[in-house]
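One structure below.
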2 protein chains.
Amino acid sequence: MPERQSSRKDAIRNREAVLAAADALFSRRASPEDITMADVAAAAGVGKGTLFRAFGDRAGLLRALYEARLEPVREAVETGPPPLGPGTPPQDRVRALLDAVLCFKLDNGPLALALEDSGSDSSPYRADHYERWHGLLRAVLEQIPGLTDSDFTAHALLAATRADLVEHLAGERGIPRERMREQLAGFVAKVLAPGPRPGGTVDE
Amino acid sequence: MPERQSSRKDAIRNREAVLAAADALFSRRASPEDITMADVAAAAGVGKGTLFRAFGDRAGLLRALYEARLEPVREAVETGPPPLGPGTPPQDRVRALLDAVLCFKLDNGPLALALEDSGSDSSPYRADHYERWHGLLRAVLEQIPGLTDSDFTAHALLAATRADLVEHLAGERGIPRERMREQLAGFVAKVLAPGPRPGGTVDE
DNA sequence: TTGCAAAACGGACCCACGGTCCATATCTTT
DNA sequence: AAAGATATGGACCGTGGGTCCGTTTTGCAA
């Protein structure tokens, strides 16, 4: 696990430089997979060795970037005002949470994409940012009376905000941001609506 | 587009051989990304050149395999008896459709996985087997009165059956097949249930 | 049959990219 | 200031997808 902090100032400076350079590269629209590690290193004015020592591997860099961009959202969720923060009625919070995820993916398309299929061996489901979202969502869902299978439901709802789906709808299909938010909100509403009898009706 | 049929018998024989070998390799559980093209060629007793001439590239091979395995399902859907085939009440058919997709992914885990992140440049959403499922699902959803946004809903429902999610739940988390089918069925039911007021209640 | 062009074969080869190595440079500490 | 510790960077490596091309097979026709 080659990711512990160093106290040497050059190391710190370089780490920042890499992060900044990568951030810039991933914002400058381009399919994420043709940004190579060498590109990032060059853009940061740093050798590849440095880059890899600082972040371990490609996934590590992506993760670090992602966490950094996610930070404000995380804070808004954990200690912010309603409807995102705690102390919001569950239904509304679920809606707000998913809306926030959607907006985040809309704003950080290429990066989110890159992270999700950084796959190599790891499914996106092992990433701990996913586990955080899922855990929180599940917990909130659990407070809604009459809703069973919160665990699965949380996964299914999050699946509707997968980066590649969002990218496809926004990019290929040209669906505008607000429209997509409405559609997702509508979908979430349906899932949360107190249906007649949720479980049981499986015929086989 | 190097994928048209050849009439020469050696070409045909080899194509079959490759398909069979690949099928075997992808069934013999192993993460799909450590089955290389060279492996497939070797297993089929064929040179790499042959393999690539027959299928164009890795994605092409995967696609061909996938379509082949999907064939029976497709047939059951298009011309089979209820609840999968046509002439089924929309609600039931949607449920059956998604159940079929789920089962397919459960049965063909590694292959589906491999195909979905064969990404390179293409999102899974550009694949035409996806478009088929989505188109059909949307059409069926459209027949359900009071259901808006069928297009998005179809995407969202299919997202709940993404190969990596299914793999994660079945593998990592050890959720048994039947349980997962129930959960998905429950989820679908919620989405289809005639909620109080489907649209509109977006507070922001 | 045999002759011959068209088509397919296969495996050596190429190259891009993630990742490692290590001689050298930079820091920190006393 | 000297030494031990730590970081640097770019040459280098392995892997795997994809290509090339001299050789072989096939199918048609004479």
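Per chain, numbering begins at 1; letters A, B, ... match sequence-line order. The figures that follow rest on heavy atoms only: side chains count, while hydrogens, waters and symmetry mates do not.
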Whole angstrom value for the distance that separates P of dT15(D) from CZ of Arg58(B): 16 Å
Check every strand shown and say whether Thr50(B) touches a base, only sugar-phosphate, or nothing at a heavy-atom separation below 4.0 Å. base
Whole angstrom value for the distance that separates P of dA11(D) from CE of Met37(A): 18 Å
For the pair Phe104(B) and Tyr66(B), name the ring-plane relationship: parallel under 30°, tilted 30 to 60°, perpendicular over 60°. perpendicular
When rounded to whole Å, the CG to P distance for the pair Leu51(B) and dC9(C) reads 11 Å
With no hydrogens and no angle check, is any side-chain donor or acceptor of Arg93(A) less than 3.5 Å from a backbone partner on Leu84(A)? yes
Rounded to whole angstroms, how far apart are CZ on Phe55(B) and C1' on dA8(C)? 14 Å
Asp149(A) bridged to Arg179(B) by N-O distance under 4.0 Å: yes
Determine whether a donor-acceptor pair (one donor, one acceptor, N or O, separation below 3.5 Å) exists between the side chain of Arg53(A) and the base of dG9(D). yes
Roughly how many Å is it from NZ in Lys48(B) to P in dC14(C), rounded to a whole number? 13 Å
Which residue lies more 5' along DNA chain C, comparing Arg13(A) with Gly47(B) via nearest heavy atoms: Gly47(B)
Heavy-atom donor-acceptor pair, Asp99(B) side chain to Ala96(B) backbone, under 3.5 Å: no
Say whether, by atom type as modelled, one donor and one acceptor occur between the side chain of Lys190(A) and the main chain of Ala193(B) under 3.5 angstrom. no
note: Asp39(A), atom CG; dG19(C), atom C1'; distance rounded to Å ~ 15 Å
Do Thr88(A) and Arg95(A) have side-chain atoms, one donor and one acceptor, less than 3.5 Å apart? no
Show the distances under 3.5 angstrom between N or O atoms of the protein and N or O atoms of nucleotides 27-30 of chain D.
| from | atom 1 | to | atom 2 | distance (Å) |
| --- | --- | --- | --- | --- |
| dG27(D) | OP1 | Lys9(B) | N | 3.4 |

Return the value, rounded to whole Å, for the distance between atom CZ of Phe52(A) and atom P of dC17(C). 12 Å
Side-chain N,O (Asn14(B)) to OP1/OP2 (dC9(C)) below 4.0 Å: yes
If you assign each of Gly49(A) and Asp34(A) to its closest nucleotide in DNA chain C, which residue comes earlier from the 5' end? Asp34(A)
Do the ring centers of Tyr130(A) and His168(B) come within less than 6.0 Å of each other? no
Among the nucleotides dA8(C), dG18(C), dG17(D), which one has an atom lying closest to any side-chain atom of Ser6(B)? dA8(C)
Arg15(B) atom CZ is separated from dC9(C) atom C1', nearest whole Å, by 16 Å
